[in-house]
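Read through the structure below, which is laid out as C-alpha cells, and then see the notes.
Note on naming: letters A, B, ... go to the chains in the order of the sequence lines (proteins, then strands), and numbering restarts at 1 for each one. This structure is a prediction, so every number in the text was calculated from the model and none was measured.
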Number of protein chains: 2
Amino acid sequence: MNSDFTLAIHSLTYLALQLDRMSTSDAISESAGVHPVRIRKVLSLLKKHGFIKSKEGTGGGFIFARDLSEVNLWDIYKITSEGALQPKCPDSNEACVVGANMQRVLISIFLGAEEHLGEYLKHYTLKDIVDLIHKEK
Amino acid sequence: MNSDFTLAIHSLTYLALQLDRMSTSDAISESAGVHPVRIRKVLSLLKKHGFIKSKEGTGGGFIFARDLSEVNLWDIYKITSEGALQPKCPDSNEACVVGANMQRVLISIFLGAEEHLGEYLKHYTLKDIVDLIHKEK
DNA sequence: CATTCTGTAACACTTAGTCTTACAGTACAG
DNA sequence: CTGTACTGTAAGACTAAGTGTTACAGAATG
C-alpha cells in the first residue's frame, strides 16, 4: 500500500487536533517522521481536493477545511492510492488462451476488490481516527 | 499488489486447462510472458502448500493437485501476498500524540481491510477463473 | 551416461519510492 | 519596502524492491 495514503491520514489527523490554528509542514513532518517536502506534496493534493486550506507567509500553514465526520478514509484512498490494488500484469502471450484472457479477467476481479475495500474504508471517518488515537495507548 | 499473486493465478489456470498431463515451467512462462526461473519460484511456493505436484526429469513438469472448485483466490493471496495491504509507516515521533499512536491505529484498520478483502476473494474459485477465461473474448 | 526437466542461489539490471537541495512566490511585520 | 517565515514545485541523488539472467546441482528417463 502506498504510503501517501498513510501520510495523508497522519496529516489530516494532526490538523484535526489543531482545528483552531494553522500548522506548518515542518511540524507535521516532524510528527510523521518524514521530510517536510514530502508532506507538502501530500498536503498539496489534499488541498487540491478541498480537504484543507493553506496560507503562505508568516503565521501561515495548513488547516482543516471540512467537518471531521464528513471525511472518510475512502475519500482519501481515492485521491492518493486509487488503482493500488491493481496488479501489474506483464504482457502475456496473446497466442495462448490463458495469456490472452488473463489480464481482462484479473482486472475485473480487482476492480471489484477495490470497490469492496471502499465499502470498508467508508466506515472510518476522520473523527473515528481521532477517537482511536485517544483511546487507550 | 504483488505480481506473484497474478503469476500464481496465471500458472494455476494454465495447469487447470491441462489437468491430464504435466506442463513445464518453460511453457507456463511463455504464456505468462516472464522468465522461467521466476515461474519456478512461484510454482515452488504453490507446491510447498500442496496446490500442485511436480516431477523432475524428462517428461516432468507441474500438475494440479486439488479439485478446481476447492481452491480460491484467498488461498493464493494468503501464500503470495499476505500483508501486502499493510502500509509501511515510517517511524513517527513518539513525543507527538499523533505520531505515537497512528501506527497502531492504521495497522488495526488495515488488518480489518485485509480480512474484508479475503471475504471477497474467497468467492472466486479456480473453476470460476477458468470459466471467465473462456467466456466471450 | 546424455538429455530434460526441477530447484535454488547469486548477481545484474530496472523501476519505483524516498530524501534532499534549491529556489520562486506569497504574506506579514517592522 | 525589506527581512523573515512560510507554501509550492522542480530536479537530482539516493535507496529499496522487483525483475531478469546466468549458472549449476539434483532427479528422472531412455
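- When hydrophobic clusters are built by joining Ile, Leu, Val, Met, Phe, Trp and Tyr residues whose side-chain heavy atoms come closer than 4.5 Å, directly or via intermediates, A/Val42 is not grouped with A/Ile63.
- No donor-acceptor distance shorter than 3.5 angstrom exists from the side chain of B/Ser3 to the backbone of B/Thr6, with no hydrogens or angles considered.
- Near-neighbour residues of DNA chain C inside residues 33-51 of chain B, defined by a heavy atom below 4.0 Å, number-ordered: B/Val37, B/Arg40, B/Ser44, B/Lys47.
- In plain terms, the two heavy atoms of B/Ser54 and B/Met22 that are nearest each other are C-CE, 4.4 Å.
- To the nearest 0.5 Å, atom NZ of residue B/Lys41 and atom CG of residue B/Leu7 are 11.5 Å apart.
- Map B/Thr24 and A/Asp4 each onto its nearest nucleotide of DNA chain C; the residue landing nearer the 5' end is B/Thr24.
- In A/Lys53, the NZ atom is not crowded: 12 or fewer heavy atoms of neighbouring residues, nucleotides or ligands sit closer than 6.0 Å.
- Here the straight-line distance linking atom CG of A/Leu121 with atom CD1 of A/Ile76 works out to 9.5 Å at 0.5 Å rounding.
- With a 4.5 Å cut-off on side-chain heavy atoms, A/Glu30 and A/Asp26 do not count as touching.
- Contacts between chain A and DNA chain D, taken as any atom within less than 4.0 angstrom of a protein heavy atom, begin and end at D/dT4 to D/dA10.
- Considering only heavy atoms from C-beta on, A/Asn72 stays 4.5 Å or farther from A/Asp128 through its side chain.
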Nucleotide N/O to protein N/O under 3.5 Å, stretch nucleotides 12-14 of chain C:
none

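- For the segment residues 53-62 of chain B, the set of residues with a heavy atom within less than 4.0 Å of an atom of DNA chain C comprises B/Ser54, B/Lys55, B/Glu56, B/Gly57, B/Thr58, B/Gly61, B/Phe62, in numerical order.
- With sequence neighbours left out, the ring pair (Phe, Tyr, Trp, His ring centres under 6.0 Å) criterion links A/Phe110 to B/Phe5.
- A/Asn2 approaches A/Thr80 most closely through the heavy-atom pair ND2-O, 3.2 Å.
- Near DNA chain D, meaning a heavy atom under 4.0 Å from it, residues 12-19 of chain A has no residue at all.
- Of all heavy-atom pairs spanning A/His10 and A/Ser31, the tightest one is NE2-OG, 2.8 Å.
- Heavy-atom neighbours of B/Glu82 CD from other residues, nucleotides or ligands within 6.0 Å: above the threshold of 12.
- With a 4.5 Å cut-off on side-chain heavy atoms, A/Thr125 and A/Leu68 do not count as touching.
- Put simply, the side chain of B/Leu17 reaches to within 4.5 Å of the side chain of B/His134, judged on heavy atoms.
- Taken to the nearest 0.5 Å, the CD1 atom of B/Ile28 stands 5.0 Å off from the CG atom of B/Leu43.
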